[in-house]
Novice: 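Pasting a structure here, questions to come.
Source: prediction; values computed, not measured. Values reported hereafter were calculated over all heavy atoms of this structure, with side chains retained and with hydrogens, waters and symmetry mates removed.
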Amino acid sequence: MQTGMWWRHLAAGGIAGAVSRTCTAPLDRLKVFLQVQASKQRISDCLQYMLKEGGVRSLWRGNFINVLKIAPESAIKFAAYEQVKRLIRGNDKRQMTIYERFVAGACAGGVSQTAIYPMEVLKTRLALRKTGEYSSILDAASKIYRREGLRSFYRGYIPNMLGIIPYAGIDLAVYETLKKKYLSHHETEQPSFWLLLACGSASSTLGQVCSYPLALVRTRLQAQAVTIGPNADGSVAVEPNMTNVFKRIIQTEGPVGLYRGITPNFIKVLPAVSISYVVYEYTSRALGVNMT
């Protein structure tokens with residue numbers, strides 16, 4: 001068993017992200033649909049539309065780019081988390097406080113999101129596309145770039161970072177703190193499957209409640225296609241920003257609109273994060289990582 005092997009954390013995190021996201025891809029696409037709908041639509045309405053428009057296979061539309069995105073994102077996040085913890089702790093083998101774990105988790109979330117953000121935008125556009133709109137990931141990237149320019153791949157970056165830093169900090173810190181607390185009060189070295197599931201569900205729920213409005217604003221910004229140049233009527237196109245989207249949601253949908261789509265998100269995120277943590281822990285053990 002070895003500690004400090006960054007590539008092992010990287011591999012374990014990548015596998016964990018790919019498995020969890022593929023298992024919950026239909027719920028992720030449903031969440032994105034509900035987030036970008038200004039009108040009040042039920043979950044069943046969106047589900048029926050997706051099935052009618054593209055069949056059962058359409059429920060996994062955008063999953064390939066999702067896996068391409070989530071695998072490196074999870075890999076970088078888990079690896080960065082372990083490295084930042086070591087920087088904070090130094091050579092001291094003491095148990096870290098929840099505040100130190102929060103800082104480590106927030107740093108890890110910021111680094112991973114910055115590295116893969118253009119793929120996040122592509123994922124949203126591919127999830128919302130109609131049948132035949134894009135022939136491939138490269139075709140989507142090329143068309144978006146030609147129509148909207150390079151900046152479109154970073155649309156929604158600021159609300160995303162404002163949301164991901166507290167989310168990642170709370171998620172990773174609460175997860176590890178709950179796990180360590182349980183292990184310290186029970187005579188066992190390795191956490192059970194059900195313990196990992198419970199800790200992952202609790203930590204992700206707290207993180208989602210705190211950061212969801214910013215995630216929704218980010219998705220709205222990502223989904224909006226802005227054509228460079230004047231509009232058809234000659235007026236100048238105004239590029240939407242975080243403040244404008246917030247105001248529009250409050251004015252048209254009320255405060256409840258900031259949590260649109262949170263139900264399927266909870267249905268998705270609990271198994272997704274739980275599966276991710278479970279796969280990460282078991283893969284790490286298989287690769288010979290000592291989870292300290």
Novice: Just by distance, no angles: are the side chains of E120 and N160 close enough, under 3.5 Å, to form a donor-acceptor pair?
Specialist: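 Judged by distance alone, the side chains do not pair up.
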
Novice: Please report the shortest heavy-atom distance between M161 and P166, naming the atom on each side.
Specialist: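 The pair with the smallest heavy-atom distance is O-CD, 4.5 Å.
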
Novice: Using the test ring pair (Phe, Tyr, Trp, His ring centres under 6.0 Å), find all partners of Y81 that sit at least two apart in sequence or belong to another chain.
Specialist: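 Scan of Y81 (ring pair (Phe, Tyr, Trp, His ring centres under 6.0 Å), adjacent residues dropped) gives none.
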
Novice: Taking I170 as the starting point, is it possible to reach Y259 by hopping between hydrophobic residues whose side chains are less than 4.5 Å apart?
Specialist: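 No, Y259 does not connect to I170 through the hydrophobic network.
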
Novice: Are the side chains of F246 and L258 in contact, using a 4.5 Å heavy-atom criterion?
Specialist: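 With C-beta onward as the side chain, the pair touches.
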
Novice: Using side-chain heavy atoms (C-beta onward) and a distance below 4.5 Å, is R220 in contact with R155?
Specialist: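 No, their side chains stay 4.5 Å or more apart.
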
Novice: Could you give the distance from CD1 (I98) to NZ (K181), rounded to the nearest 0.5 Å?
Specialist: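 Here the rounded value is 9.0 Å.
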
Novice: Using 0.5 Å steps for rounding, measure from the OG1 atom of T219 to the CG atom of L214.
Specialist: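 Going from OG1 on T219 over to CG on L214, the span is 10.5 Å.
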
Novice: Do Q95 and R101 get their side chains close enough for a donor-acceptor pair, meaning under 3.5 Å?
Specialist: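 Distance-only check passes for Q95 and R101.
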
Novice: Look at K85 together with E100 and state whether they make a salt bridge at an N to O cut-off of under 4.0 Å.
Specialist: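 No.
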
Novice: Same cluster for V209 and L178 if Ile/Leu/Val/Met/Phe/Trp/Tyr side chains link at under 4.5 Å?
Specialist: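 No, because V209 and L178 fall into different hydrophobic clusters, even though each may have its own neighbours under 4.5 Å.
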
Novice: Tell me, with the steps shown, if R29 and S58 meet side chain to side chain contact (heavy atoms under 4.5 Å, CB included).
Specialist: CA-CA 9 Å; R29 188 168 186 238; S58 71; 3.8 Å; yes

Novice: For the CE atom of M96 and the CD1 atom of I88, what is their distance to the nearest 0.5 Å?
Specialist: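 Result: 4.0 Å between the selected atoms.
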
Novice: Would L51 and L59 count as a side chain to side chain contact (heavy atoms under 4.5 Å, CB included) here? Give the steps.
Specialist: CA-CA 7 Å; L51 289 171; L59 297 179; 4.0 Å; yes

Novice: Rounded to the nearest 0.5 Å, how far does CD of Q48 lie from CE of M50?
Specialist: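 Rounded to the nearest 0.5 Å, the CE-CD separation comes to 10.5 Å.
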
Novice: Does any non-hydrogen side-chain atom of Y134 lie less than 4.5 Å from one of I144?
Specialist: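 Side chain of I144 against side chain of Y134, heavy atoms only: contact under 4.5 Å found.
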
Novice: Will you find, in the side chains of S204 and Y175, an N or O donor that is under 3.5 Å from an N or O acceptor?
Specialist: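 No.
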
Novice: Counting N and O atoms only, with roles assigned by atom type, does the side chain of W60 sit under 3.5 Å from a partner on the main chain of P26, one being a donor and the other an acceptor?
Specialist: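 Answer holds: no.
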
Novice: Working note: V278 + Y282, criterion side chain to side chain contact (heavy atoms under 4.5 Å, CB included); need CA distance, chi angles, decisive distance, verdict.
Specialist: CA-CA 6 Å; V278 169; Y282 280 94; 3.7 Å; yes

Novice: Decide whether L172 and V174 are clustered together by the hydrophobic rule: side chain heavy atoms of Ile, Leu, Val, Met, Phe, Trp, Tyr closer than 4.5 Å, transitively.
Specialist: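 Different clusters: L172 never reaches V174 through Ile, Leu, Val, Met, Phe, Trp or Tyr contacts under 4.5 Å.
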
Novice: Any salt bridge linking E148 with R125? Criterion: basic side-chain nitrogen under 4.0 Å from a carboxylate oxygen.
Specialist: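 R125 and E148: salt-bridged.
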
Novice: If you take all heavy atoms of A168 and G105, which pair is closest and at what distance?
Specialist: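 So the two residues come closest at CB-O, 3.3 Å.
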
Novice: Going only through I, L, V, M, F, W and Y residues with side-chain contacts under 4.5 Å, is there a path from I164 to V84?
Specialist: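 No, I164 does not connect to V84 through the hydrophobic network.
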
Novice: Whether the side chain of T283 engages the backbone of Y280 through a donor-acceptor N/O pair (distance < 3.5 Å, no angle test) should be reported.
Specialist: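 Answer holds: no.
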
Novice: For the pair R248 and E253, find out whether any cationic side-chain nitrogen is under 4.0 Å from an anionic carboxylate oxygen.
Specialist: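 Between E253 and R248 there is no salt bridge, as every charged N stays at least 4.0 Å from the carboxylate O atoms.
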
Novice: When rounded to the nearest 0.5 angstrom, what distance separates OG in S276 from CD in E281?
Specialist: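 The CD atom of E281 is 10.0 Å from OG of S276, to the nearest 0.5 Å.
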
Novice: Donor-acceptor pair, T205 side chain versus S201 backbone, under 3.5 Å?
Specialist: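 Present.
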
Novice: Is it the case that over 12 heavy atoms from other parts of the model lie below 6.0 angstrom from the CD1 atom of I158?
Specialist: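 No.
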
Novice: Is the shortest heavy-atom distance from the side chain of V103 to the side chain of C107 under 4.5 Å?
Specialist: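 Yes - at least one pair of side-chain heavy atoms lies under 4.5 Å apart.
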
Novice: Looking only at side-chain N and O atoms, does D171 offer a donor or acceptor that is under 3.5 Å from a partner on S203?
Specialist: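 Yes, side-chain donor-acceptor contact under 3.5 Å.
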
Novice: Can you measure from CG (L126) to OG (S136) and round to the nearest 0.5 angstrom?
Specialist: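 Separation between the atoms: 9.0 Å.
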
Novice: Spell out, yes or no, whether L206 and Y167 are grouped together once hydrophobic residues are joined by side-chain heavy atoms under 4.5 Å, including indirect joins.
Specialist: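 No; tracing contacts between hydrophobic side chains, which count when under 4.5 Å, never links both residues.
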
Novice: Going by heavy atoms in the side chains, are K247 and T243 under 4.5 Å from each other?
Specialist: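 Yes, their side chains come closer than 4.5 Å.
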
Novice: Considering only heavy atoms from C-beta outward, does the side chain of L162 approach that of R218 to under 4.5 Å?
Specialist: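 The answer is no; the side chains never approach within 4.5 Å.
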
Novice: Closer than 3.5 angstrom, by distance alone: can the side chain of Y154 be matched with the main-chain N or O of Y117 as a donor-acceptor pair?
Specialist: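 Checking the backbone N and O of Y117 against the side chain of Y154, no donor-acceptor pair under 3.5 Å is found.
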
Novice: Set out, in order, the CA-CA distance, both residues' side-chain angles and the distance that settles side chain to side chain contact (heavy atoms under 4.5 Å, CB included) for T114 and Y157, then state yes or no.
Specialist: CA-CA 8 Å; T114 300; Y157 177 79; 2.9 Å; yes

Novice: Kindly say whether I262 contributes a backbone atom to a donor-acceptor pair with the side chain of Y212 at under 3.5 angstrom?
Specialist: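 Here the side-chain-to-backbone pair exists.
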
Novice: What are the two closest heavy atoms between L221 and P159, and how far apart are they?
Specialist: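 That would be CD1-CG, 3.9 Å.
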
Novice: By the rule that ILVMFWY residues connect when side-chain heavy atoms come within less than 4.5 angstrom, directly or transitively, which residues belong alongside V111?
Specialist: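 V111 clusters with I76.
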
